Amino acid sequence: MRGLVVTFLICSFASFCSCNRLLEQNPKTSTFSIIDYGAVGNGATDDSEAFLKAWDAACAKSDSIGTIVVPKGKTFLLKPIKFAGPCNFSSINFKLEGNIVAPTSTDAWAQGDDKTKWIEFNDIDGLIMNGGGQINGQGSVWWKSYNALSFQKCNNLHLSDIHHLDSPKGHISITKSDNIIVSNLIITAPENSKNTDGIDISRSNHIVIDKCTIATGDDCIAIGKGTSNINITNIACGPDHGIRYIQNTLSSAKFGKIDGIIQWKNVSHFLLLFFDHVFNIGSLGRYGAYATVENVYVSDCNITGATNGVRIKTWQGRSGFVRNVTFEKITILNTKNPIIINQDYQNIMMKESKNKVVHIGSGGLEISGVTFKDVKGTSASEVAITLNCNSSKGCHDIFMDDINLTSESSSSRITASCTNANGEETSVSPKVSCLQKKTPSSY
């Protein structure tokens, strides 16, 4: 009998533990529709208060995931708004099925408001934002104004399945956040809309960005200082024709690659360490700041008609490093600077700094461990590869493998320019003189 009792207790305890694990894996959900809190959804009435009431109720839940529902078929006007945490449960869902629009006047920002932000999420762990809806910044009224959607101190953020449209400045800003997944977004703005970056990342780590279509007037993805462990794959980026293609196929393509095809057209830059117009790792060290970027992986992307393809840029006279960056399986067509590293970036400094006094020294950020692998395509200029590294720091451990760039014009010959860079190259055309040539068997 004792054996039976012990066996029963053990089985009961095991069942209890199993049930607890199931409950943890599939927590309850409580729904909070903004309509129930007074939202009108006619695109003209300010619904900010209703959104905040629904948020506060959902955030206060301690026994389930609070889900704020923005219903489909309605358009909600929001003035500058901040959704603040921490929330009581381990996760909260902002389900955007309808549309959100911005005000059309700066009068919506009260005195003392942060005029660089419109919708802000702050200090929230486990935020899920999805739903298939749209965020319209109505940026044509005031380009260069606020960032449309900002996330600060939002660890374990999942952002997906939303169309971001016409932000006056950056569309999405992520800072001081870790463990982020961004996927299946569509981000669009006119080609002539300045500073309308798609996604800006700074002071954040462990970021995955996958299967997004971005067509804006500036950087598609901008990686700023203090970032590490970034994985970027399957990104379609490019303004002008890209916008029209997206709009014409939005209903059928939904939130993924359009019929398996990625198109890049009329893009100014693809990848800049601080990504300039396509993907930018760059502008690092501006105004003397210490800046670091490391462990960045970019793969399976196509670039067409760009000013710059894969690019790293840093400002001279600064300190910090860029290291362990890989560009792999990249197709570049009709692009002025297909591959470029610029360690002495300063040619627009006086315009940008205006009245700021900035000392230009001989130092710079260290650039090392950069790999370009399986990069193919055509160059629109004579110089297809530029490694412009300064004499103080130089660029170290630059590896090029299986690079084949030819001229867009059949009658032109292309070359490579290389200063103060060292590393190895295998099967690279055009030849990069300052890299040591290795045969494929050496690897």
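Just so it is clear, the structure is predicted and the values come from calculations on it, not from any experiment.
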>> With heavy-atom distances below 4.5 Å as the criterion, would you say the side chains of N388 and I341 are in contact?
In response: no
> Under the 3.5 angstrom rule, does the side chain of E425 hit a backbone N or O of M400 as a donor-acceptor pair?
Replying inline: no
> Any side-chain heavy atom of V296 sitting closer than 4.5 Å to one from V298?
Replying inline: yes
> Side-chain contact, heavy-atom cut-off 4.5 Å: F372 with E328?
Replying inline: no
>> If we count only N and O atoms by modelled type, under 3.5 Å, do the side chains of S167 and T196 hold a donor and an acceptor together?
In response: no
> Is a donor on one side and an acceptor on the other found under 3.5 Å between the side chain of Q343 and the backbone of L365?
Replying inline: yes
> Can you list the steps and then say if F151 with L157 is a side chain to side chain contact (heavy atoms under 4.5 Å, CB included)?
Replying inline: CA-CA 9 Å; F151 299 95; L157 166 69; 3.8 Å; yes
>> Can a donor-acceptor pair be found, under 3.5 Å and without considering hydrogens, that links the side chain of T216 to the backbone of A189?
In response: no
> Short question: side chain of Q138, backbone of A102 - any donor-acceptor pair under 3.5 Å?
Replying inline: yes
>> Using 0.5 Å steps for rounding, measure from the NZ atom of K95 to the CD1 atom of I162.
In response: 10.0 Å
>> Counting C-beta onward and ignoring hydrogens, is there a side-chain heavy-atom pair between I174 and V182 closer than 4.5 Å?
In response: yes
>> To the closest 0.5 Å, what do you measure between OG1 (T227) and CD (E294)?
In response: 8.5 Å
> If you draw a 6.0 Å radius around NZ in K117, do more than 12 non-hydrogen atoms from other residues or ligands fall strictly inside?
Replying inline: yes
>> Please give me the minimum heavy-atom distance between S381 and N337, naming the atom from each residue.
In response: OG-OD1, 4.4 Å
> Between W55 and A50, is there a donor-acceptor pair closer than 3.5 Å when you use the side chain of the first and the backbone of the second?
Replying inline: no
> Backbone N or O of G170 within a donor-acceptor pair of the N147 side chain at under 3.5 Å?
Replying inline: yes
> Taking the side chain as C-beta and beyond, is there a heavy-atom pair between I330 and V310 under 4.5 Å?
Replying inline: yes
> Considering the options D161, I214, I172, which one meets the side-chain contact (heavy atoms from CB on, under 4.5 Å) requirement together with L185?
Replying inline: I172
>> Assess the residue pair I81 and F51 against the criterion (side chain to side chain contact (heavy atoms under 4.5 Å, CB included)); give the C-alpha distance rounded to whole Å, side-chain angles, the decisive distance to 0.1 Å, and a yes or no.
In response: CA-CA 9 Å; I81 190 167; F51 272 70; 4.0 Å; yes
>> Within the 3.5 Å criterion, strictly below it, is a donor on T45 or N42 matched to an acceptor on the partner's side chain?
In response: yes
> Hey, does W118 have a side-chain heavy atom less than 4.5 Å from the side chain of I100?
Replying inline: yes
> Is K376 salt-bridged to D402, going by a charged N under 4.0 Å from an acidic O?
Replying inline: yes
>> Quick check: closest heavy atoms across S48 and K79, and the distance to 0.1 Å?
In response: OG-N, 2.9 Å
> Considering only heavy atoms from C-beta outward, does the side chain of F121 approach that of L149 to under 4.5 Å?
Replying inline: yes
> Side-chain donor-acceptor pair under 3.5 Å between T188 and H164, yes or no?
Replying inline: no
>> Restricting to non-hydrogen atoms, name the atom on S177 and the atom on K153 that form the minimum distance, rounded to 0.1 Å.
In response: OG-N, 3.4 Å
> Where do D197 and A222 come nearest, in terms of heavy atoms and distance?
Replying inline: OD2-CB, 3.9 Å
> Are F83 and F94 an aromatic pair by the rule of ring centers under 6.0 Å?
Replying inline: yes
>> I need the minimum non-hydrogen distance between A421 and C389, along with the two atoms involved.
In response: CB-SG, 4.1 Å
>> Testing the basics here: between G43 and L77, what is the closest heavy-atom pair and its distance to 0.1 Å?
In response: O-CB, 3.9 Å
> Which distance, rounded to the nearest 0.5 Å, do you find between the CD1 of I223 and the CD1 of I201?
Replying inline: 5.5 Å
> Can D210 and T233 be said to form a side chain to side chain donor-acceptor pair (under 3.5 Å), step by step?
Replying inline: CA-CA 5 Å; D210 184 45; T233 53; 2.7 Å; yes
> Taking it one step at a time, do T378 and T406 satisfy side chain to side chain donor-acceptor pair (under 3.5 Å)?
Replying inline: CA-CA 5 Å; T378 60; T406 60; 5.8 Å; no
> Which class fits the ring pair F32 and Y37: parallel under 30°, tilted 30 to 60°, perpendicular over 60°?
Replying inline: tilted
> Quick one: are R203 and K225 in side-chain contact, heavy atoms under 4.5 Å?
Replying inline: yes
> Do N342 side-chain atoms and K313 backbone N/O form a donor-acceptor pair below 3.5 Å?
Replying inline: no
>> Just by distance, no angles: are the side chains of N155 and N179 close enough, under 3.5 Å, to form a donor-acceptor pair?
In response: no
> For the atom pair CG (D166) and CG (N136), what is the distance rounded to the nearest 0.5 Å?
Replying inline: 5.5 Å
>> Evaluate K28 against D63 for side chain to side chain contact (heavy atoms under 4.5 Å, CB included), listing each step before the verdict.
In response: CA-CA 7 Å; K28 293 191 303 180; D63 61 347; 3.6 Å; yes
> L96 pairs by side-chain contact (heavy atoms from CB on, under 4.5 Å) with which of I68, I135, N130?
Replying inline: I135
>> Under 3.5 Å, is there a donor on one side chain and an acceptor on the other for N205 and N229?
In response: no
> Going through the checks in order, is the side chain to side chain donor-acceptor pair (under 3.5 Å) test met by S183 and S160?
Replying inline: CA-CA 5 Å; S183 63; S160 64; 4.6 Å; no
>> As a quick check of understanding, evaluate side chain to side chain contact (heavy atoms under 4.5 Å, CB included) for I385 and V428, giving each step before the final call.
In response: CA-CA 10 Å; I385 299 173; V428 174; 4.3 Å; yes
> Between CD1 of I340 and OG1 of T386, what distance do you get to the nearest 0.5 Å?
Replying inline: 5.0 Å
>> With rounding to the nearest 0.5 angstrom, report the CD1 to SG distance, I124 to C59.
In response: 7.0 Å
